[in-house]
Amino acid sequence: MERTTWGKGKRRAGSLDDLRRVLHRIDGKGYKAYKDLEGGYDFGRFSLHVDHVQGDPFAAPSMLRVRVPMNLAGFPEGLFGNSIRRMALEDFIARRFGAALPSGPDRGPGSGKSGLVSIDAGGQEVLERTACRVTPHWVEVRIYVGLPAAGRRILGRQAERIHCEQLPRTAEKGLFWRNYPRRETEGFVGCVENQEFIRDSLQRLGLVAFVADGSILPRERGNSQQPLAGERAVAFRSAEGLRVSLDLPNPVSTERPETRITGMGIPAGVTLVVGGGYHGKSTLLQALQRGVYPHIPGDGREYTVTCTDAVKIRAEDGRRVEKVDISPFITNLPHGLDTTAFSTDNASGSTSQAANIVEALESGARLLLLDEDTSATNFMVRDVRMQSLVHKDFEPITPFIERVREIHRTLGVSTILVMGGCGDYFEVADRVIMMREYVPEDVTDRAREVARLHATGRRQEAAPGPAWRLDRIPIPESFDPSRGRRSVKIDAKEIDLVLYGRHPIDLRGVEQIVDFSQTRAVGAAVHLAASRFMDGRTPLREVLDRVEAYLDEHGLDHLDPFHRGERHPGSFARPRRHEIAAAANRLRPVRFRIGPGS
Ligand code: ADP
Ligand code: MG
């Protein structure tokens, strides 16, 4: 047997028989002896790489890769011929491989995570992720195995069963094209490509979002992303006058061979969504906010497509804000607090919402999504009665209603706003869509008429043309990822909580993180940004450009700060620049300085 050195430890390069021999030899020994497994093994039709062995049966599981040469795997080139198709195929393979893994009862005896084999496959969204990679030369899955033990004693026979019988069987089903359902696979890849085609077409069509006729927008439960099934779900139908058709590059679905799709196009500008309570307004907005990502066929929202840079804006009391110029919205705070470089450890509803908007503009948002349900009322409106009673000199807040048009006119950033409770917005909306029993109707003309008949006399109070200062410069030393003896320790604890060094990043207000693996990636991406692309002179916006270019060029595998060679990169799914920025903005010790441009 040949031994190759790699980093500190010895790594094997051996055969299937070598793997069996090691497992026989260490059977019954202490758990640490599993370390002898690290290395690569040639199984003939594929190779198995044991990149990291867990310290004990209760620790995070061991990291392995299974790689098949493409001449054996046989996936047709057309399925991964461009970056979108490749991403879709990789996602699909991870799902197939995951589905082929034996579940629960089959995992055998043992303590802790013994016998658990898993892969980080996606949910309803299709994201670029590290679980699977396809190149013209090979296809590879990155998996986790709980190496089996009784107490701390190695169960070598069971490990042999997992590696030498179960994995080859799963690999056969999950990594060879001849065992794939051809129509379903082509349908999946084609559907994802269609969605990205629609996204790319939006701008040319003057739209910021598209919702296909027939879409099922509601979810089964509040805490689930599964579509609401059965007759209760009312299928989406475009409002007359907003209906558009597109010709897709692939059939709409496996059941629908046609390539023409119709649905509602939401034009750029300011769009108001009105309607009675429970008539589906928030559901539409939630579909739009997740519509920045492609969805799997059958999700119901697979043809709800929003422009890439749509950012959900909400109030988020208690968050940290660091040197954000919120003066377009808030000035003359009591005690003379500076709002052109506003910092606080505990923002209010309105200041947090103002900061969320300015930060979104800074990270490059093209569309703002707001819902009355999650907005601060005093940030949204100040009606004529309040204007009369409370003099402007004593109201620090310039409500969003006074800026929303300007944000579109001067910055080219559109807004979709759900507002069932206040008609003052009729005056500032380009379009008013009314939801009635889950079906939209274009009521723009009627809303204009109503606004004329019931003029409120509300005055525009704010001076137009505020300066938008969007060039904060992050100070790299303020990003400290160390914890205890570790110089870099970043963990995702929950989908909305990252522990960055010693500091929590609370992401509960960042609604467009949709996958736990995105949270992991967000933490790592903040560190990548800070350690590689911040120099105390470069504005955040440019740092984000560089992070994106880096990930485009090198791939997500490089997010792990300890990543080496071709070893298991961990489980990451790609976040957008807006969520990376959002995490950096919520890291409490982080400091910015104001750019020279302002
Ligand atoms: P609103 O924001 O207008 O008050 P929501 O969007 O919160 O209304 O919807 C109210 C309820 O109706 C939710 O339980 C939601 O799941 C359900 N719902 C939304 N759209 C549909 C639909 N198209 N078909 C069936 N139920 C729906
Ligand atoms: Mg609502």
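Read the numbers this way: they start at 1 and go in the same order the structure lists the ligands and their atoms. Each residue takes its place number in the sequence, starting with 1.
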For Gln289 and Glu511, which I'm curious about, is there any donor-acceptor pair between the side chains at under 3.5 Å? yes
Tell me, which residues have any heavy atom less than 4.0 Å from some atom of ligand 1? Pro218, Leu228, Arg232, Ala233, Val234, Gly276, Gly277, Tyr278, His279, Gly280, Lys281, Ser282, Thr283, Tyr438
Parallel, tilted or perpendicular: which fits the ring planes of Phe92 and Phe188, with parallel below 30° and perpendicular above 60°? tilted
Neighbour count >12 (heavy atoms, 6.0 Å) for atom CZ, Arg243: yes
Using distance alone, with no hydrogens and no angle criterion, decide if Asn585 and Glu362 have a side-chain donor and acceptor under 3.5 Å apart. no
Does a side chain donor of either Arg290 or Gln225 reach within less than 3.5 Å of an acceptor in the other side chain? yes
Would you be so kind as to tabulate the donor-acceptor pairs closer than 3.5 Å made by side chains of residues 408-415, with sequence neighbours excluded?
{"unit_1": "Thr410", "atom_1": "OG1", "unit_2": "Glu406", "atom_2": "O", "d": "2.7"}
{"unit_1": "Ser414", "atom_1": "OG", "unit_2": "Gly269", "atom_2": "N", "d": "2.8"}

Tyr144: what forms a ring-ring contact (aromatic ring centres under 6.0 Å, His included) with it, not counting sequence neighbours? His568
Crowding at CZ, Arg508 (>12 non-hydrogen neighbours, <6.0 Å): no
How many protein atoms of type N/O/S are positioned less than 2.8 Å from the Mg ion (ligand 2)? 2
Arg459 atom CZ, over 12 foreign heavy atoms within 6.0 Å: yes
